[in-house]
Amino acid sequence: MQDIIPFFILLVLFVGTCLVSPLHDGPMYDSTAYTECKEEPEKPLYNGGVFESQPQSGGVQHAIALYAVDGPSFILHSLTQDTIYSFSVWVRIEGSSSGLIRASLQTENETYDCIGTVLAKSGCWSFLKGGFLLNWPSTSSMLFFQNTDGKDINIELASPSLQPFTKQQWRFNQEYLINTHRKQAVTIHVSDSNGKRMQGATINIEQISKDFPFGSAIAKTILGNMPYQNWFVKRFNAAVFENELKWYATEPDQGKVNYTISDQMLQFVRANKIIARGHNIFWEDPKYTPAWARNLTGIQLQAAVDSRIQSLMNQYREEFIHWDVSNEMLHFDFYEKRLGPDATLHFFETAHKSDPLATLFMNDFNVVETCSDVNSTVDTYISRLRELQQNGVFMDGIGLESHFTVPNLPLMRAIIDKLATLNLPIWLTEVDISKTLDKDTQAIYLEQVLREGFSHPSVNGIMLWTALHPQGCYQMCLTDNDFRNLPSGDVVDKLLQEWQTGHAEGVTDEHGSYSIFGFLGEYRVTATYGNKTADTTFSLCGGRETKHVTISIRL
């Protein structure tokens, strides 16, 4: 068993500048996470990081134990501004069968209400993973743990870890993950018709499509708007309809179903070979349930929801790669209140039978944006998803809306780490930055969120929530109404350019070969020798092995 800190212990840590390593030998991020409750805690990540007790000059130790009566806390000294701190600890409780435990940080200047949560249990150890980034340096800060429902329980901690990263080290880790999970090496071999390798052949390689889905919401405003369509197609390979598939949009009056607008939008998607998410079948928030349906109960409501799902699935069978089945079910429960606790399960079952190849998603907000929302902590999300799985729901997907104000990057990554242990598709489905911030700040935070999402190996796609209307966008626009980039649009264009191979050109070596390291996707390659050319296509689909492509030039 690792060192256990009882509820009455206060641990004082001295965090020195000696822990900040140069970029080339800095710490590698540890994505390890656990969702199961264990009899014994695992060893701390990073060997504890700054919690590791090692003699310092003058014999000073990192850790000095003092007594306190208010619960487990860590006093952290000399925390630095703009340093990213990744935190983890194992938690066990006594006095209740389970409890949602929240870690908070109090500095001289501000309080970080939540830097990590865990749904802890009695009799076994649960893993909390999170982190924080300070706006100001702190001489002395308190990291403390509380039961969110206020009940008096004992909290025990084990294997704590606090690992600092400079922003440069964090970025280095992101780039490492992108290079190892979003790219692949390929070697082009050129030979003549007799199989002899040809040195000095000119090679031109062009990426013609990207493997990673990166897109945005669109609205009916894109219909007939060629500048908007051209702008969108130039950038994105995925789309989601902002409101046009929602029940209140397709059946505003009972029995009067109209798919005209969504059909036209789907035609645009098809014509441009763009994949699309289905958003959404039902929305648990009564505010976005059709007004006429809110007045139904019992058999009448059941008949209405059955009609809705059958109509929608019949209309769009195999058209959408995903369906958000019961949107924001962690925060609202309109249908379960009216139809019973199995209502959501029935939605998933019916959707799967109607469109068995579509991935069915749970989709909710405040899962990665914060951990302060008790309705949608990472363990709450996992608990509900497992409940659906245990009742036979198939092909689940994890939808993280990602409506951020100020992103907490180590917390965001820690939560995705924990969700990744479920081995299910993870998408950031509605990414934007709050309009309460100015446009330049929106752009800065957007880039941070997109880099976190793209560099995490378990994130399968990213969708922006930036459908353009004459009056603007939901929270954040990428362009003005004349399609001139706003700061956020510049960020998106920069990252799209950065995350594609583009055009590569070179000549074959003495072995008749030419190699590149390219982003995953489809490619066209042309080999030229003298006045003779040959071309072919190939795919980079991921993996550590080098892809080999052979081109034969007939002389």
Side-chain angles (χ1 to χ4, degrees), residues 29-31 33 45 49 74 76 79-89 100-107 109-118 127-138 141-146 148 160-171 173-174 177 364-381 400-420 426 428 430-434 436-437 441-456 458-459 462 475-476:
Y29 179 81
D30 192 335
S31 62
L45 304 186
F74 302 118
L76 309 175
L79 297 180
T80 54
Q81 182 180 3
D82 290 336
T83 298
I84 296 171
Y85 291 93
S86 180
F87 173 72
S88 64
V89 69
L100 183 61
I101 306 303
R102 175 185 296 168
S104 304
L105 183 71
Q106 176 72 58
T107 75
N109 299 303
E110 57 190 329
T111 298
Y112 298 78
D113 180 58
C114 188
I115 65 163
T117 61
V118 67
F127 187 65
L128 183 154
K129 192 175 189 183
F132 56 91
L133 184 149
L134 297 186
N135 296 317
W136 294 277
S138 173
S141 304
M142 176 179 284
L143 174 55
F144 57 95
F145 300 80
Q146 293 176 313
T148 57
S161 173
L162 183 68
Q163 178 62 53
F165 295 84
T166 65
K167 287 186 174 179
Q168 292 78 14
Q169 290 167 347
W170 195 261
R171 180 69 173 272
N173 275 274
Q174 289 177 331
L177 290 169
D364 225 307
F365 61 92
N366 282 351
V367 183
V368 292
E369 298 96 318
T370 179
C371 59
S372 298
D373 188 340
V374 297
N375 293 307
S376 53
T377 66
V378 60
D379 286 334
T380 305
Y381 191 108
L400 308 173
E401 290 188 12
S402 307
H403 295 293
F404 286 91
T405 302
V406 180
N408 178 344
L409 302 184
L411 175 66
M412 176 184 176
R413 181 156 289 264
I415 288 171
I416 299 176
D417 287 344
K418 206 165 185 181
L419 291 168
I426 299 174
L428 308 186
E430 304 179 17
V431 178
D432 61 19
I433 307 297
S434 172
T436 60
L437 304 173
T441 305
Q442 281 184 320
I444 292 170
Y445 290 155
L446 177 65
E447 180 170 352
Q448 292 177 1
V449 169
L450 294 180
R451 287 192 183 279
E452 279 302 318
F454 187 72
S455 64
H456 199 293
S458 295
V459 172
I462 296 176
Q475 292 288 333
M476 179 190 75

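A donor-acceptor contact shorter than 3.5 Å is absent between the side chain of Gln146 and the backbone of Ala103. Side-chain atoms of Asn173 come within 3.5 Å of backbone N or O of Tyr29 as a donor-acceptor pair. Put simply, the side chain of Asn408 gets close to the backbone of Gly131: a donor and an acceptor are under 3.5 Å apart. A donor-acceptor contact shorter than 3.5 Å links the side chain of Gln442 to the backbone of Gln475. Under a 3.5 Å cut-off, the side chain of Ser434 and the backbone N or O of Thr405 do not form any donor-acceptor pair. Side chain of Ser376 to main chain of Asn366: a donor-acceptor pair is present (N/O by atom type, distance under 3.5 Å, no hydrogens or angles). Of the possible polar contacts, none joining the Gln174 side chain to the Ser455 backbone as a donor-acceptor pair under 3.5 Å is found.
For the residue pair His403 and Glu430, a side-chain donor N or O sits within less than 3.5 Å of a side-chain acceptor on the partner.
Checked against salt bridge (Lys or Arg N to Asp or Glu O under 4.0 Å), Asp82 has the following partners two or more places apart in sequence or in another chain: Lys167. Qualifying salt bridge (Lys or Arg N to Asp or Glu O under 4.0 Å) partners for Asp379, counting only residues two or more places apart in sequence or in other chains: Lys418. With sequence neighbours left out, the side-chain hydrogen bond (donor to acceptor under 3.5 Å, both in side chains) criterion links Glu110 to Tyr112, Asn135. The salt bridge (Lys or Arg N to Asp or Glu O under 4.0 Å) test applied to Arg102 returns Asp113, not counting sequence neighbours. With sequence neighbours excluded, the residues forming a side-chain hydrogen bond (donor to acceptor under 3.5 Å, both in side chains) with Asp364 are His331, listed by chain and number.
Evaluation of the salt bridge (charged side-chain N to carboxylate O under 4.0 Å, His left out) test over residues 408-417, restricted to residues two or more places apart or in two chains, returns Lys129-Asp417, Arg413-Glu452.
Considering CZ of Phe74 and CE of Met142, their distance stands at 11.5 Å, rounded to 0.5 Å. With rounding to the nearest 0.5 Å, the separation of CZ in Phe145 from CD1 in Ile115 is 6.5 Å. Note: Leu143 CG to Ser104 OG = 8.0 Å, rounded to the nearest 0.5 Å. The OG1 atom of Thr370 lies 7.0 Å from the CG atom of Leu411; values are rounded to the nearest 0.5 Å. Once rounded to the nearest 0.5 Å, the distance linking CG of Leu45 with CZ of Phe127 reads 4.5 Å.
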Would Phe132 and Leu79 satisfy side chain to side chain contact (heavy atoms under 4.5 Å, CB included), going step by step from the backbone distance to the final call? CA-CA 11 Å; Phe132 56 91; Leu79 297 180; 4.0 Å; yes
Going through the checks in order, is the side chain to side chain contact (heavy atoms under 4.5 Å, CB included) test met by Ser402 and Val368? CA-CA 6 Å; Ser402 307; Val368 292; 3.7 Å; yes
Does the side chain to side chain contact (heavy atoms under 4.5 Å, CB included) test come out yes or no for Leu446 and Phe404, once each step is laid out? CA-CA 9 Å; Leu446 177 65; Phe404 286 91; over 6 Å; no
Derivation of the side chain to side chain contact (heavy atoms under 4.5 Å, CB included) call for Thr117 and Thr148: CA-CA 9 Å; Thr117 61; Thr148 57; 5.6 Å; no
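Considering only heavy atoms from C-beta on, Leu76 comes within 4.5 Å of Leu105 through its side chain. The side-chain heavy atoms of Met412 and Val449, taken from C-beta on, include a pair separated by under 4.5 Å. The side-chain heavy atoms of Leu428 and His456, taken from C-beta on, include no pair separated by under 4.5 Å. Considering only heavy atoms from C-beta on, Trp136 stays 4.5 Å or farther from Thr107 through its side chain. Considering only heavy atoms from C-beta on, Leu134 stays 4.5 Å or farther from Thr83 through its side chain.
Closest of all the heavy-atom pairs between Ser372 and Cys114 is OG-CB, 3.4 Å. Residues Gly49 and Ser161 approach most closely at N-OG, 4.1 Å, considering heavy atoms. Val374 approaches Thr380 most closely through the heavy-atom pair O-OG1, 3.7 Å.
Taking the six-membered ring where the residue is Trp, Phe165 and Trp170 present perpendicular rings, their angle passing 60° and hence far from 30°.
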